[in-house]
Protein chains: 2
Amino acid sequence: MMTELENYIQNYFGVNKEEVTKISSYFKLLHLKKGEFFLKSGRYSDHLGFMQSGIMREFLNTNNKEVTKWISTKGYFSVDLASFIFKQPARWNIQALTDCELYVINQKDYQLIGQELSSWAVLEKLFLTKCFIILEERIVQHLSMSAEERYNQLFNFNPELFNQVSLQYLASMLGITPETLSRIRKNQLL
Amino acid sequence: MMTELENYIQNYFGVNKEEVTKISSYFKLLHLKKGEFFLKSGRYSDHLGFMQSGIMREFLNTNNKEVTKWISTKGYFSVDLASFIFKQPARWNIQALTDCELYVINQKDYQLIGQELSSWAVLEKLFLTKCFIILEERIVQHLSMSAEERYNQLFNFNPELFNQVSLQYLASMLGITPETLSRIRKNQLL
DNA sequence: ATAATTTCTTGATATTTGTCAAGCGCACAA
DNA sequence: TTGTGCGCTTGACAAATATCAAGAAATTAT
């Protein structure tokens, strides 16, 4: 049976089975208990994670406010990209909201893949571009949509999230207060 | 004398002179008159541009609203990344607000660089990551800052912009109306 | 099961931001 | 010069969202 990671690489990047196996062999399975941190702000993000199961939250603290940037579920990569690539101290906290299974690769092995797999540069490019596009889409949403529209967008994209994750975190990720989210949701019922 | 592009590659990516010259030889200088489009939404973004001089605006139209994503000046790359990398129709319009000088490279030559320069994969990774980080920072701003705070951030980062670019575009880029920007600026004087 | 704690909802109110309409000022053209 | 148009500002008002406080609901711990 294939892991989520293998599925992802094969489907998203269109890589053949052999290479998929090769790539995924560099990753190791990591279990995180609910509440544990995959990364703490200020540390170095020296592992790239890919989520097999569970839910994680990426957030930071800034002028007394906690900002949730993203909720990751099955099929997402999890890393502080700036820290991982540029070897700076991490800005983000990444915490498990439930027990999680992650496939992780460390910096060193990540470098190794690049040396051993000629096709890796292309995959890496696609991966980074995808990360960029996701953020770009969110910027557009903030520049052109109301809180309610952003909520609908997120809800339609991933309704289950709202049963699995504390609403305060989703509110923060949408850039609104929990009270406003509560009222928007009430509105949607009418 | 070095071009902005060569400066950028050398300083930002820490590449030696020889490689810098090699890389920049793939780029060709392109002149754009004020008002001309470097890219139109729906077309394919088959050129990556690097700005030597002038100002360009990246925007799209969505439900009767024009959204300005970014104003590019000297030292910025200009491209619809999703279109350039994934070969999709472009989402963004890129238009010259003033006469512009761009160093451009087409898809084919871009591929070639990768094949001829072993170090290219690393540079590409850094480039894409930088693009990502810029957007990530903007997301954080929208999740945690008021319109006025975002204005101050942008103004402190690049005050000249407000003398060179129509305020309505800067308002759009900040995610606010021109009226609100006008009032914020009035406030700042007191 | 019960108590304790946290999260969610609701109401009242304040603040921020948007909308619409009018007027001002500057640039450019006839 | 004198319009003409466009972008910017201002005012009055409306809508969206935040804040604060209280209570209800859900979750967690004892």
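Chain naming here is simple, since letters A, B, ... match the order of the sequence lines and numbering starts at 1 in each.
Smallest separation of non-hydrogen atoms from E116(B) and Y26(B): OE1-OH, 3.0 Å.
At a cut-off of 3.5 Å, with distance as the only test, no side-chain donor of Y151(B) or Q188(B) sits close to an acceptor on the other residue. Between the side chains of E6(A) and Y103(A), no donor N or O sits under 3.5 Å from an acceptor N or O. Between the side chains of E148(B) and S146(B), not a single donor N or O lies within less than 3.5 Å of an accepting N or O. With hydrogens and angles left out, the side-chain atoms of Q107(B) and Y44(B) include no donor and acceptor closer than 3.5 Å.
Counting any heavy atom pair closer than 4.0 Å across all strands shown, I176(B) reaches sugar-phosphate atoms only and no base atom.
One N or O donor and one acceptor, one from the side chain of E179(A) and one from the base of dC20(D), sit under 3.5 Å apart.
The side chain of T177(B) contributes no N or O atom lying less than 4.0 Å from OP1 or OP2 of dT17(C). An OP1 or OP2 oxygen of dT9(D) is reached within less than 4.0 angstrom by a side-chain nitrogen or oxygen of S182(B). Checking the phosphate oxygens (OP1, OP2) of dC8(C), a side-chain nitrogen or oxygen of S166(A) falls inside 4.0 Å.
Regarding L170(B), its CG atom lies at a distance of 13 Å from the P atom of dG7(D), rounded to whole Å. Put simply, CD on Q164(B) is 18 Å from C1' on dC8(D), counting in whole angstrom units. Atom CD of E148(B) is separated from atom C1' of dA18(D) by 16 Å (rounded to the nearest Å). The nearest whole Å value for the distance from the CZ atom in R185(A) to the C1' atom in dC8(C) is 10 Å. Per the geometry, CG belonging to L189(A) stands 10 Å off P belonging to dT9(C), to the nearest Å. Following rounding to the nearest Å, L167(B) (CG) and dC26(C) (C1') show an atom-to-atom distance of 14 Å. When the P atom of dT17(D) is taken as reference, atom CE of M145(A) falls 11 Å away, rounded to whole Å. Between Y151(B) atom OH and dC8(D) atom P the separation is 13 Å, expressed in whole Å.
Distances from the side chain of Q168(A) to the nucleotides dC8(D), dT7(C), dG18(C) place dT7(C) closest. Closest to the side chain of R183(B), from the set dC8(C), dA18(D), dG11(D), is dG11(D). Among the nucleotides dT19(C), dT17(C), dG11(D), the one closest to the side chain of K186(B) is dG11(D).
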Polar atoms only, N or O, under 3.5 Å: list the protein pairs with nucleotides 22-30 of chain D and their distances.
{"from": "dT28(D)", "atom 1": "OP1", "to": "K34(A)", "atom 2": "NZ", "distance (Å)": "3.3"}

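By the side chain to side chain contact (heavy atoms under 4.5 Å, CB included) test, N163(B) is found to be paired with no residue, residues two or more places apart in sequence or in another chain being considered.
A donor-acceptor pair is defined here as one N or O able to donate and one able to accept, closer than 3.5 Å; such a pair exists between the side chain of T177(B) and the backbone of T180(B).
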